[in-house]
Amino acid sequence: MRVSRLLLVTLRDDPAEAEIVSHKLLLRGGYIRRISSGIYAYLPLLWRVLQKIEHIVRDEMNATGALETLLPQLQPAELWQRSGRWDGYTAGEGIMFHLDDRQGRALGLGPTHEEVITTLAADLLRSYRQLPVNLYQIQTKFRDEIRPRFGLMRGREFIMKDAYSFHADEASLGQTYGAMDQAYRRIFARCGLRAVAVEADSGAIGGSASQEFMVTAEAGEDLILTSSDGRYAANQERAVSLPSPAIPLQASSCTELTTPGQRSIEALCSAHGFDPSQTVKVLLLLARFATGQPQPLLVSLRGDQQLNEVKLANAVNGRAESGAGALLEIAPITPEQLQGEGLAALPFGFVGPQLSDAVLESARTWTPRFLRLADATALELERFVCGACRPDSHLVGASWGDLCPTAFLRPTGLDLRSAQPGDRCVHEPTQRLEAARGIEVGHIFQLGRKYSQALEATFTNEAGSDEPLWMGCYGIGVSRLAQAAVEQHHDSQGICWPVTIAPFEVIVVPANGDDPQQTQLAEELYDALRQAGVDALLDDRSERAGVKFKDADLIGIPWRVVVGRGAPQGRIELVRRRGTVSQELEASALLNSLMPALQNERLGLLEQHA
RNA sequence: CGGGAUGUAGCGCAGCUUGGUAGCGCACUUCGUUCGGGACGAAGGGGCCGCAGGUUCGAAUCCUGUCAUCCCGACCA
């Protein structure tokens with residue numbers, strides 16, 4: 001390809017719309033243009049990158065025996081209603097774009113494809129003899145994100161590879177899950193990305209085991225916690241750790257303490273010399289469901305611990321009444337909400353675990369009793385400080401036995417705290433958790449039988465009876481991966497693509513486009529490279545050398561061949577983009593010099609993972 | 001959804017306080033000189049100042065509304 005024909009439009013200034021470096025570079029390098037918030041055009045240069053990523057994905061997926069398919073993006077609401085996800089995905093802060101057709105039938109634009117694929121499986125898969133099967137597609141997904149940001153990182157329309165496997169038993173599912181784990185490691189390595197596999201929450205998709213693949217980068221939206229021995233890595237949403245021991249409170253009985261205006265743990269402790277680990281804080285929250293009544297929550301945590309919302313949401317989901325439908329939101333109870341329910345004001349900041357359900361008695365729409373949950377670290381305290389349920393007053397030396405004498409008041413003990421960097425590890429207490437930021441580029445799940453049961457996808461087993469299929473699902477954010485690669489591979493001059501996903505492998509630059517000797521030699525080398533199977537670009541523009549060098553650096557072509565003053569003597573220059581390593585050599589020696597290095601780079605980081 | 005900011009040429013911005021009909025840099029076109037790290041000179045082209053109302057003799061500028069985009073938040077009272 002010739003640069004003059006490439007529709008290469010580069011920008012000198014950072015566009016105001018971009019915040020992070022990868023987003024700026026993709027815009028400046030002429031890779032993407034924003035069409036609307038979270039919606040981007042993939043320009044020809046980026047499309048080449050995406051196709052190279054897709055090729056690697058296909059190659060590795062096919063190698064595991066998976067079958068490529070293409071499923072509809074426009075999906076009937078009925079399918080989603082049968083799986084129970086329609087309300088959760090469309091109401092509240094649901095992420096599914098949806099619409100009505102001319103007959104008034106509701107449809108959704110697929111944010112994911114479990115419903116469609118499971119329906120197909122129910123239709124096609126009848127016998128254990130057909131199993132296991134793994135189907136995948138590379139498809140545009142639609143998600144109405146609360147807040148799209150960072151270019152392709154969190155878009156409302158993006159390209160994803162998603163795969164769905166079907167099995168006769170759990171062991172077979174485990175096998176494919178393992179094979180996908182290995183395939184994913186190879187895919188990211190071949191793309192030249194440093195990625196780590198972490199334990200993850202399975203989120204809205206549901207299911208049991210799940211693992212995320214994170215590209216480590218400062219701009220990552222996720223916090224990941226790892227042990228330095230490499231044996232533990234988890235998303236903070238899911239991470240577990242050993243809490244620091246509490247400092248025992250010297251008290252044998254319960255007394256009341258006046259605490260004017262001391263609503264926060266911090267204010268309370270600094271005014272009276274308590275350690276936060278000697279206190280129990282109580283959070284009053286409201287869980288809203290798609291169909292069921294709003295459920296007030298009373299959550300007790302040790303004062304020095306942080307609530308993990310994801311763990312809480314999972315706990316609430318597991319305890320919701322069967323007809324409640326999807327959990328839409330958990331948010332702090334506000335004074336306005338209490339008023340709206342016709343309830344008396346509550347002493348926020350001075351609430352203890354003993355708060356009676358009587359305060360909810362006359363609620364108009366809420367369930368008139370709290371769901372009482374507590375983190376294990378709070379329940380372990382013998383004596384502690386907590387709110388007295390009266391303004392400007394706390395209890396010192398309270399105990400669970402005194403406060404909550406009846407089983408009715410006693411909270412259920414769970415793991416609800418967030419693990420923090422520096423915490424001791426569960427697998428080995430001498431190890432500490434370290435924090436890193438990561439961009440989630442892949443996620444694999446063992447779904448089990450959740451969808452197959454809901455959508456009645458069954459097969460006939462060896463014994464002749466019907467049972468639901470076992471399922472797994474496996475995603476890779478293809479467009480996000482492209483930007484994550486830029487985030488991980490750039491310098492002050494621009495992008496430094498790994499060869500495997502670069503739009504071109506080599507760019508040939510005649511320094512002076514008016515010099516016939518230079519242009520002729522450049523043309524010859526360009527032809528020779530292409531005949532050798534190299535993905536080459538020729539900068540045939542009549543620009544000054546500086547402009548061509550700057551553009552080559554910005555768009556990040558891994559190798560540059562400069563044909564300049566040495567052309568009459570047959571001397572050229574070979575420059576490696578990464579590190580800007582340059583060597584001068586005979587034009588006739590180009591292929592011999594370049595090909596071994598290029599061949600090696602075409603493996604990505606694979607050799608490290610072999 | 002809450003808070004903050006910004007909408008002026010393809011991109012980056014000034015002008016707005018104190019109303020008088022639009023400017024700078026880059027990019028684009030032509031010519032000349034230059035030619036190995038975003039050249040220089042000259043001459044050009046391009047804007048319903050986001051949109052809609054209002055105030056005024058007159059609005060990019062003041063007022064009201066609306067739309068869009070970006071950032072922070074929507075966990076610990």
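Please read all numbers here as calculations on a predicted model, not as lab measurements. Convention: sequence-line order gives letters A, B, ...; per-chain numbering from 1.
- Listed nucleotides: C35(B), G37(B), A77(B). Nearest to the side chain of Pro332(A): A77(B).
- At a threshold of 4.0 angstrom between heavy atoms, the contacts of Gly349(A) are confined to the sugar-phosphate backbone, with no base atom among them.
- The side chain of Asp551(A) approaches G38(B) more closely than any other nucleotide in the set G38(B), A77(B), C76(B).
- Taking 4.0 Å as the cut-off between side-chain N and carboxylate O, Glu199(A) and Arg238(A) count as a salt-bridged pair.
- Counting non-hydrogen atoms under 4.0 angstrom, Asn308(A) reaches nothing in the nucleic acid.
- Across all strands shown, A27(B) forms no Watson-Crick or G-U wobble pair with both distances under 3.5 Å.
- Straight-line distance from the CD atom of Glu543(A) to the C1' atom of U34(B): 14 Å, rounded to whole Å.
- For Arg263(A) and Ala545(A), each mapped to the nucleotide of RNA chain B holding its nearest heavy atom, the one lying further toward the 5' end belongs to Ala545(A).
- Using P as the reference atom, C70(B) and C11(B) are 14 Å apart when rounded to the nearest Å.
- Candidate nucleotides G37(B), G12(B), C75(B) were compared by shortest atom distance to the side chain of Lys550(A), and G37(B) ranks first.
- Taking atom C1' in both G54(B) and C13(B), the straight-line distance is 30 Å, to the nearest Å.
- Across U30(B) and U69(B), the matching C1' atoms stand 37 Å from one another, rounded to whole Å.
- Remark on RNA chain B: of its neighbouring residues Gly303(A) and Arg149(A), the 5'-side contact belongs to Arg149(A), judged by nearest-heavy-atom nucleotide.
- Contacts of Val562(A) with the nucleic acid, taken as non-hydrogen atoms under 4.0 Å apart, include base atoms.
- Within a heavy-atom distance below 4.0 Å of RNA chain B, the residues of residues 15-39 of chain A found are Pro15(A), Ala16(A), Glu17(A), Glu19(A), Arg28(A), Arg34(A), Ser36(A), Ser37(A).
- Using a 4.0 Å heavy-atom distance criterion, Asp14(A) is classed as a sugar-phosphate-only contact.
- Looking at heavy atoms from C-beta onward, Val563(A) lies out of side-chain contact with Tyr526(A) at the 4.5 angstrom threshold.
- Partner assigned to A22(B) is none, using Watson-Crick or G-U wobble distances below 3.5 angstrom.
- Comparing A14(B) with A5(B), their P atoms are spaced 16 Å from each other, to the whole Å.
- Both cation-pi conditions hold for Arg48(A) and Phe504(A): the charged atom is under 6.0 angstrom from the six-membered ring centre and inside a 45 degree cone around its axis.
- Distance noted for atom P between C1(B) and A9(B): 28 Å (whole Å).
- The aromatic rings of Phe142(A) and Phe97(A) sit perpendicular, their planes meeting at an angle over 60°, well past the 30° parallel limit.
- Which of C75(B), G37(B), G38(B) sits closest to the side chain of Leu307(A) comes down to C75(B).
- Comparing atom distances between the Arg560(A) side chain and each of G37(B), A77(B), A39(B) picks out G37(B) as nearest.
- Gln262(A) and His394(A) are not linked by any side-chain donor-acceptor pair at a separation below 3.5 angstrom, with hydrogens and angles left out of the test.
- Using atom C1' as the reference point in both A39(B) and A27(B), the two lie 15 Å apart (nearest Å).
- Taking atom CG of Leu283(A) as the reference point, atom P of C76(B) lies 8 Å away to the nearest angstrom.
- If you take atom C1' in C48(B) and the same atom in G44(B), they sit 24 Å apart, rounded to whole Å.
- A distance cut-off of 5.5 Å between ring centres, combined with a plane angle under 30°, places Phe348(A) in a stacking arrangement with the base of A77(B).
- For the C1' atom pair drawn from G4(B) and C51(B), the interatomic distance equals 23 Å after rounding to whole Å.
- In this entry C51(B) has G65(B) as its Watson-Crick or G-U wobble partner, both defining distances falling under 3.5 Å.
- An OP1 or OP2 oxygen of C26(B) is reached within less than 4.0 angstrom by no side-chain nitrogen or oxygen of Arg12(A).
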